[in-house]
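The structure under discussion appears below in the form of structure tokens.
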Amino acid sequence: MKNLPTGIQTFSEIREDNYAYVDKTEDIYRLVENGKYYFLSRPRRFGKSLLIDTISELFMGSKEYFKGLYIYDKWDWNTKNLSPL
């Protein structure tokens with residue numbers, strides 16, 4: 001059984017240390033492909049920081065962290081977007 005990532009807010013640490021992770025990359029893919037502006041309003045301690053860090057790793061092109069996840073074969077890993085919003 002995998003350990004739970006209690007208090008860990010970085011996607012890279014969760015993937016590197018093999019913690020349990022619920023794949024939300026399908027939702028992220030839909031946000032990026034279909035949307036324009038979003039306001040992320042979720043309750044406290046509900047994963048906002050982890051979600052933003054996951055999106056950040058995606059746009060930095062950290063392909064190795066996404067192996068085995070929904071978005072792995074759908075994302076253009078040759079394009080990196082490091083510009084600030």
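Along the sequence shown, residues carry numbers from 1.
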Taking atom [atom1] of [X] and atom [atom2] of [Y], what is their separation to the nearest 0.5 Å?
X: Leu58; Y: Ile28; atom1: CG; atom2: CD1; answer: 7.0 Å
X: Phe59; Y: Thr54; atom1: CZ; atom2: OG1; answer: 12.5 Å
X: Glu33; Y: Lys74; atom1: CD; atom2: NZ; answer: 11.5 Å
X: Asp53; Y: Met60; atom1: CG; atom2: CE; answer: 7.0 Å

If hydrophobic residues (ILVMFWY) are linked whenever their side-chain heavy atoms come closer than 4.5 Å, directly or via other members, who joins Tyr38 in its cluster?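 Tyr38 shares its hydrophobic cluster with Leu31.
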
Remaining members of the apolar cluster that contains Met1, side-chain heavy atoms under 4.5 Å: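 Answer for Met1: none, a lone residue.
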
Show the nearest heavy-atom pair for residues Lys67 and Arg15, with the distance to one decimal.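 Minimum heavy-atom contact is O-NH2, 2.7 Å.
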
Which atom of Tyr65 lies closest to which atom of Glu16, heavy atoms considered: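 For Tyr65 and Glu16, the tightest heavy-atom pair comes out as OH-OE2, 2.5 Å.
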
Apply salt bridge (charged side-chain N to carboxylate O under 4.0 Å, His left out) to Asp23 and list each qualifying residue two or more places apart in sequence or on a separate chain.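 Asp23: no salt bridge (charged side-chain N to carboxylate O under 4.0 Å, His left out) contacts found.
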
Sequence neighbours left out, what passes side-chain hydrogen bond (donor to acceptor under 3.5 Å, both in side chains) with Asp27? Give chain and number order.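 Only Arg30 meet the side-chain hydrogen bond (donor to acceptor under 3.5 Å, both in side chains) criterion with Asp27.
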
Go through the structure and list residues passing side-chain hydrogen bond (donor to acceptor under 3.5 Å, both in side chains) with Lys2, not counting sequence neighbours.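 Only Asn18 meet the side-chain hydrogen bond (donor to acceptor under 3.5 Å, both in side chains) criterion with Lys2.
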
Does Asp76 use its side chain to pair, donor to acceptor, with the backbone of Asn78 at less than 3.5 Å?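 Yes: the side chain of Asp76 pairs with the backbone of Asn78.
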
Which atom pairs, donor and acceptor, lie under 3.5 Å between side-chain atoms of residues 3-13 and protein residues at least two apart or in another chain?
{"unit_1": "Thr10", "atom_1": "OG1", "unit_2": "Glu13", "atom_2": "OE1", "d": "3.3"}

Test ring pair (Phe, Tyr, Trp, His ring centres under 6.0 Å) on Trp75 and Tyr70; report intermediate values, then the result. CA-CA 10 Å; Trp75 191 256; Tyr70 173 85; over 10 Å; no

